[in-house]
Amino acid sequence: MQDVHLPMRSFELKNRTQVNEIKRLKLITAIKTPYLPDGRFDLEAYDYLLNMQIVNGVEGVIVGGTTGEGQLMSWDEHIMLIGHTVNCFGDAIKVIGNTGSNSTREAIHATEQGFAVGMHAALHINPYYGKTSHEGLVLHFRSVLSMGPTIIYNVPGRTGQDIPPLVIKKLAESPNFAGVKECVGNDRINEYTNNGMSVWSGNDDQCHDARWNYGARGVISVTSNLVPGLMHDLMFNGKDEALNKMVSPLMDWLFCEPNPIALNTALAQLGVIRPIFRLPYAPLPIEKRIQFCNIVRDIGRKNFVGNRDVQVLEDEDFILLGRY
């Protein structure tokens, strides 16, 4: 089948990021998007979070991913945030825009725009809800791979469909294929790494073993929003069962409800972001908020982002927005 559409791309932009630069990244944070009381982005808080990632050695950020609530953004907001991140931090950290969609048309358009505003790489999920065939998956991903370095994201728990190795093998033929963010587990990761692919664990609770026992390049992490320095140590300083055990209760707590509910609650209790949620997300119940404070004290407040003492927020402290 012939595709009559040429990719809208500028080699002046793309040449500054070679795919091998993305393949080498070990610690990538799926960054949180904070909000102002009217629902607009709180760029001041966002910039603080980005700076904390850079200071603590994080090498890349996913902008507008599930953790960053890209699914609750308009595409105008989404591309603006990618552009802002590149403009302010692109010299210090790799900016990977989540420009995937279950609509191939939208994925193409958003990816063209993302690369046009300077993102270094794209993250692409497989079409969800309206699932397609294996051949459809290959065609969907190939339609965006031509534009620049690309990480394929496999998370069947959210999409309802696994991207099988036979599809990944076909996609890996592209020179822009950077690797896979894999959530199926470490055996799948090992299958890919044995074939020379770069793979990032998408499961924080498995990332230590993925990195040191199964050949993963590193992790695309939620936990690093909170403790970037500890996650850096976990990915860079060799096998460390003691550190892994120390951060495990935090990781378990972060995923007690669908992400990013717990992360949003945590950052608000640390005083790093305003306690504002875009619905349908809502804060964790009070018992879980108390549990987080205990976890912070066990791990050590100094290891977490922010300068304020952790506090238990009451229900009335949170603002929940249905219109934004």
Flag, side chain of Trp200 to backbone of Gly179, donor-acceptor distance under 3.5 Å: no

Glu69 vs Arg278, side chain to side chain contact (heavy atoms under 4.5 Å, CB included): CA-CA, chis, key distance, verdict: CA-CA 9 Å; Glu69 300 177 21; Arg278 283 184 173 185; 4.1 Å; yes

Rounded distance (nearest 0.5 Å) linking atom CG of Asn154 with atom NZ of Lys181: 11.0 Å

Residue pair Lys131 / Asn126, side-chain donor-acceptor N/O under 3.5 Å: no

Separation of Ile290 CD1 from Leu284 CG (nearest 0.5 Å): 12.0 Å

Chi angles and distances behind the side chain to side chain contact (heavy atoms under 4.5 Å, CB included) call for Phe304, Val227: CA-CA 5 Å; Phe304 286 78; Val227 288; 3.7 Å; yes

Any side-chain heavy-atom pair of Pro260 and Leu254 under 4.5 Å: no

pair Leu243-Leu230: side-chain heavy atoms closer than 4.5 Å: yes

Pairs satisfying salt bridge (charged side-chain N to carboxylate O under 4.0 Å, His left out), at least one member in residues 256-276, at least two apart: Asp42-Arg274

Over 12 non-hydrogen atoms of neighbours within 6.0 angstrom of NZ in Lys170: no

In one Ile/Leu/Val/Met/Phe/Trp/Tyr side-chain cluster, 4.5 Å: Tyr324, Trp75: no

Separation between CD1 of Ile28 and CD1 of Ile151, rounded to the nearest 0.5 Å: 4.5 Å

Candidate pair Arg24 and Glu59, rule side chain to side chain contact (heavy atoms under 4.5 Å, CB included), full reasoning: CA-CA 9 Å; Arg24 287 194 294 263; Glu59 300 172 299; over 6 Å; no

His120 side chain near Glu21 side chain, heavy-atom distance below 4.5 Å: no

Candidates Thr33, Ile31, Val61 - the one meeting side-chain contact (heavy atoms from CB on, under 4.5 Å) with Leu49: Ile31

Exceeds 12 heavy-atom contacts within 6.0 angstrom, atom CG of Asp252: yes

Qualifying residues under side chain to side chain donor-acceptor pair (under 3.5 Å), relative to Asp38, sequence neighbours excluded: Arg40

Atom pair OG/NE2 of Ser103 and His109 - distance to nearest 0.5 Å: 11.0 Å

Asn186 vs Ile189 side-chain heavy atoms within contact, under 4.5 Å: yes

Any donor-acceptor N or O pair under 3.5 Å, side chains Gln206, Tyr214: no

Exceeds 12 heavy-atom contacts within 6.0 angstrom, atom CG of Asn237: yes

Closest approach of Gly64 to Met73 (non-hydrogen atoms, all atoms of both residues): CA-CE, 4.1 Å

Side chain to side chain donor-acceptor pair (under 3.5 Å) evaluation trace for Thr150 with Asn176: CA-CA 6 Å; Thr150 301; Asn176 284 328; over 6 Å; no

Beyond-backbone contact of Glu112 with Ile108, side-chain heavy atoms, under 4.5 angstrom: yes

Side-chain touch Thr104/Leu139, heavy atoms, less than 4.5 angstrom: no

Shared hydrophobic cluster for Val272 and Leu81 (ILVMFWY, side-chain gaps under 4.5 Å): yes

Check: Ser221/Asp204 side-chain N/O donor and acceptor closer than 3.5 Å: yes

Joint cluster assignment, Phe89 & Ile62, ILVMFWY side-chain distance < 4.5 Å: no

Met119 and Thr111, any side-chain heavy atoms less than 4.5 Å apart: yes

Other residues, nucleotides, ligands: >12 heavy atoms within 6.0 Å of Asn194 CG: yes

Heavy-atom pair with the smallest gap, counting every atom of Met251 and Leu234: CE-CD2, 4.1 Å

Joint cluster assignment, Val63 & Ile96, ILVMFWY side-chain distance < 4.5 Å: no

CA sep, side-chain torsions, deciding dist, call: Phe292, Thr265, side chain to side chain contact (heavy atoms under 4.5 Å, CB included): CA-CA 9 Å; Phe292 175 69; Thr265 305; over 6 Å; no

Point-to-point distance, once rounded to the nearest 0.5 Å, from CZ of Phe41 to CE of Met80: 5.0 Å

Closest non-hydrogen atom pair, Ala107 against His140: CB-CE1, 4.1 Å

Exercise: identify the closest heavy-atom pair between Gln53 and Pro228: OE1-CB, 3.9 Å

Flag for Thr29-Asn225: side-chain donor and acceptor within less than 3.5 Å: no

Donor-acceptor contact below 3.5 Å, side chain His78 vs main chain Asn98: yes

Whether Gln269 side chain and Leu313 backbone form a donor-acceptor pair below 3.5 Å: yes

Lys239 vs Asn213, side chain to side chain donor-acceptor pair (under 3.5 Å): CA-CA, chis, key distance, verdict: CA-CA 9 Å; Lys239 189 179 294 189; Asn213 297 335; 2.8 Å; yes

Residue list, ring pair (Phe, Tyr, Trp, His ring centres under 6.0 Å) with Tyr48, at least two apart or on another chain: none

Donor-acceptor side-chain pairing of Tyr153 and Thr159 below 3.5 angstrom: no

Sidechain-backbone polar pair: Asn259 side chain, Phe255 backbone, donor-acceptor under 3.5 Å: no

Any donor-acceptor N/O pair, Glu314 side chain to Glu316 backbone, under 3.5 Å: no

Greater than 12 external heavy atoms within 6.0 Å of Glu44's CD: no

Minimum heavy-atom distance Val58-Leu27, with the two atoms named: CG1-O, 3.5 Å

Nearest non-hydrogen partners of Asp240 and His208, listed with the distance: N-NE2, 2.9 Å

Asp162 and Arg188: CA distance, side-chain angles, deciding distance, salt bridge (charged side-chain N to carboxylate O under 4.0 Å, His left out) verdict: CA-CA 11 Å; Asp162 182 31; Arg188 177 73 63 84; 2.8 Å; yes

Distance, nearest 0.5 Å, that separates CZ of Arg217 from CZ of Arg211: 7.5 Å

Sidechain-backbone polar pair: Asn203 side chain, Asp205 backbone, donor-acceptor under 3.5 Å: no

Hydrophobic cluster membership, Leu123 vs Leu171, 4.5 Å side-chain cutoff: no

Backbone of Gly83 reached by a side-chain donor or acceptor of Asn87 within 3.5 Å: no

Test item: His124 and Thr99 side chains (from C-beta on) under 4.5 Å apart, heavy atoms: yes

